[in-house]
Amino acid sequence: MTAPESAPSNFIKDIITEDNKTGKYRGRVHTRFPPEPNGYLHIGHAKSICLNFGIAAEFKGLCNLRMDDTNPTKEEVEYVESIKQDVRWVGFDWQERMYYASNYFERFYECAVDLIKKGRAYVCDLSPDEMRQYRGTLTEPGKESPYRGRSVEENLDLFERMRKGEFPDGSRTLRAKIDMTSGNINMRDPVIYRILHSEHHMTGDKWCIYPMYDYAHCISDSIEGITHSICTLEFEDHRPLYDWFLDELGMYHPQQIEFARLNLTYTVMSKRKFIQLVEGGYVRGWDDPRMPTISGLRRRGYTPESIRNFCDRIGVAKAASTVDMALLEYCIREDLNRRAPRMMAVLRPLKIIITNYPEDKVDELDAINNPEDPSAGTRKVPFSRELYIEQEDFMEDPPKKFFRLAPGREVRLRYAYFIKCVDVVKDGAGNITELHCTYDPATRGGDAPDGRKVKATLHWVSAEHSLAAEVRLYDYLFAQPNPEEGTGDKDFISKLNPKSLEVLQDCRVEPGLSGASPGNKYQFERLGYFCVDQDSSPEKLIFNRTVTLKDTWVKIQNANK
RNA sequence: UGGGGCGUCGCCAAGCGGUAAGGCACUGGUCUCUGGCUCCAGCAUUCGGGGGUUCAAAUCCUCCCGCCCCAGCCA
């Protein structure tokens, strides 16, 4: 388990502290993270993972990983594996406590028989449509099913035959006998078991009846000795049912506690919407670096540390909230600033000829790998007569606050020399094709002996020595802060950011990046944090931009618009 | 119109009757061989609104307003 870098307190921890004080669970703290293996985990799950595993660690308790696999029609082994990988990657260890709700199927069945014997459950023959009608509405009470009065013997017989596969899908259900007039619709004789002749990823064709979430979840928690069953707000209405089952069954009773799920600006956070994005071809897959999935964030260059830190910072409460994406970005910048080695890369190259520099001379200059970390050391960077700088670092007719290169102006090339632009070369169409500059040999290393100052330092690469690379620039997936607001089912698609991905093919990076392998993270000086994509190869380097550096210059430009 | 929740700074979020923490964002400034980082300063006389209780209320009572969730044999 990762060292519990103690997160701030919250109402859930307060409850646990209080329970420990009163001895409610004899000081025991046991949580669980219970995903349904029907999709990939996202940053919202990370919040839950950090909460559950974090609490267990902090209170010296345990946290189980449990697959909530009670619906064979939606769940697949592929997801089980990705979930395990993601939880591990985020930084937590369930040790030997990997569980499956499907492991408890026999136990669930026995409990159901018990409920029937206690007159608390019955087999109902209502069709799905009829059941909906009998259920009533939010404002009108429901009506009791005509099958509600069946004898215990008949229910026992019918339920056993349901298990044996004597009835077709949807023909019958096992229901809890509670209260059809309850204001809480979950209490209006909820279905406990449904018939599903479907192959289960764990139990194969052993079963053709499967338990419902409300029924299976509380019993699973009880079996595992969970003390605090933490879930999201929408299950608040289900808590009475959770309690009802356990009380009727006379089983050990964990406490369900609900908290608000995470929402983030400029993205969506539901499995259903992810599927639409993937299947609609709007993103390249579940692990597209623009996706808020754990796998997407990982590929984007986010670190587990940054995500855990983010989860600690957002807090845990009951108010529906949408966290500013800027906070997530802050967390990854903070982490990478500390750890990422610096490199120079030119995304949109503009050629520069140093006219007073010898044609075949190559100089090796010392560059600092990470100013935040002296132990990262230094490296050599080749300098020659022909270089590339960033197109946006030169302006022929610079506005007031533009400090970078311009005709006649002197700037510093990082770790190299002061250069002065003496000529602008253009093609027939008037496009700038290259710049002629002169350098001052006395400024080698980047400082002028005469104390002369420049207002800007530019990053650069040697034309001859630099490596070609593809760089993928990512921006927010959506153009609006809240793409989920509004009604229409497909509305959010229209809010996609057309500029969420820009692929640059002709980038040049310094030679030190030749051995970079997938997952490696760097700061490209003055540009942002980048990581090597899994598609990258020694022949073709591919980088993903994780996040830009904060940029005061773009702010100034935007302010002047 | 039923049931369950929630409303404290642009976004999160502490606070639990004693006179509004913190973070992000933002704005200035400092520093700087990254217009990055660091550092400093500013940023709610006010807690959805109205009444009430109290020497004292974001915290207690009351009424009102607003927002979220629930009518799957999904989780």
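Order of the sequence lines sets the chain letters (A, B, ...), proteins ahead of strands, with each chain counted from 1. FYI, side chains are in, hydrogens and waters are out, and symmetry mates aren't considered; it's all heavy atoms of this structure.
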Worksheet item: According to the Watson-Crick and G-U wobble definitions, with both distances under 3.5 Å, which nucleotide is paired to B/A21?
Response: none
Worksheet item: So, is B/G17 syn or anti if syn means the angle is within 90° of 0?
Response: anti
Practice prompt. Give a yes or no on whether a salt bridge exists between A/D312 and A/K47, defined as a side-chain N under 4.0 angstrom from a carboxylate O.
Written response: no
Worksheet item: With a 4.0 Å cut-off on heavy atoms, is A/D237 in touch with a base, just the backbone sugar-phosphate, or nothing at all?
Response: base
Fill in: B/U46 to B/C69 separation - P atoms, rounded to the nearest Å
32 Å
Worksheet entry | B/G50 and B/G42, which share atom name C1', separated by this distance in whole Å | 34 Å
Worksheet item: Using the P atom in both, what is the distance from B/U54 to B/C12, to the nearest Å?
Response: 37 Å
Fill in: For A/F394, ring-ring contact (aromatic ring centres under 6.0 Å, His included) partners two or more places apart
none
Worksheet item: Using the C1' atom in both, what is the distance from B/C9 to B/C73, to the nearest Å?
Response: 48 Å
Item to complete: Assign A/S321 to base, sugar-phosphate, or nothing according to its heavy-atom contacts below 4.0 angstrom with the strands shown.
Response: sugar-phosphate
Worksheet item: Under 4.0 Å between a Lys/Arg side-chain N and an Asp/Glu carboxylate O for A/R194 and A/D169?
Response: no
Practice prompt. Return the nearest nucleotide to the side chain of A/L138; candidates are B/A75, B/G2, B/U27.
Written response: B/G2
Practice prompt. Using a heavy-atom cut-off of under 4.0 Å over every strand shown, decide if A/V454 touches base, sugar-phosphate, or nothing.
Written response: nothing
Discussion item. As a quick check of understanding, evaluate side-chain contact (heavy atoms from CB on, under 4.5 Å) for A/H459 and A/E390, giving each step before the final call.
Written reply: CA-CA 8 Å; A/H459 60 278; A/E390 209 69 61; 2.7 Å; yes
Practice prompt. Could you run through nucleotides 34-43 of chain B and give me one letter per nucleotide, 5' to 3': B if any protein heavy atom sits under 4.0 Å from the base, S if only the sugar-phosphate is that close, - if neither?
Written response: BBBB------
Worksheet item: Is any side-chain N of the basic residue among A/R148 and A/D189 closer than 4.0 Å to the acidic one's carboxylate O?
Response: yes
Discussion item. Rounding to an integer number of angstrom, what distance separates B/A13 and B/A44 when you compare their C1' atoms?
Written reply: 14 Å
Item to complete: Select one nucleotide: of B/G2, B/C6, B/G23, the one nearest the side-chain heavy atoms of A/L327.
Response: B/G23
Discussion item. Please confirm whether the shortest side-chain N or O distance from A/R313 to OP1 or OP2 of B/G22 is below 4.0 Å.
Written reply: no
Worksheet item: Among B/C6, B/G5, B/G3, which nucleotide sits nearest the side chain of A/A319?
Response: B/C6
Worksheet item: At under 4.0 Å between heavy atoms, what does A/S182 touch on the DNA or RNA strands: base, sugar-phosphate, or nothing?
Response: nothing
Discussion item. Suppose you measure atom P in B/C74 against the same atom in B/U62; what distance do you get, rounded to whole Å?
Written reply: 41 Å
Fill in: Residues within residues 209-218 of chain A bordering RNA chain B, heavy-atom distance below 4.0 Å
A/P211, A/M212, A/Y213
Fill in: C1' gap between B/C47 and B/A41, integer Å
25 Å
Discussion item. Looking at B/C37, which nucleotide sits across from it as a Watson-Crick or G-U wobble partner, both distances under 3.5 angstrom, or is there none?
Written reply: none
Practice prompt. Between B/G10 and B/A56, how far apart are the C1' atoms? Round to whole Å, please.
Written response: 32 Å
Worksheet entry | Minimum-distance nucleotide (side-chain atoms of A/A317 versus B/G4, B/A75, B/A13) | B/A13
Practice prompt. On the 0 to 90° scale, with breaks at 30° and 60°, tag the A/H217-A/Y213 ring pair as parallel, tilted or perpendicular.
Written response: tilted
Item to complete: Counting heavy atoms from C-beta on, name the nucleotide in B/G10, B/C74, B/G15 closest to the side chain of A/D324.
Response: B/G10
Discussion item. For A/Y417 and A/F383, I'd like to know if the aromatic rings sit close, meaning centre-to-centre distance below 6.0 Å.
Written reply: yes
Practice prompt. For B/G2, take OP1 and OP2 only and decide whether either is under 4.0 Å from a side-chain N or O of A/R188.
Written response: no
Item to complete: Using a heavy-atom cut-off of under 4.0 Å over every strand shown, decide if A/T322 touches base, sugar-phosphate, or nothing.
Response: sugar-phosphate
Discussion item. What's the closest nucleotide to the side chain of A/R135 if the choices are B/C16, B/C73, B/U1?
Written reply: B/C73
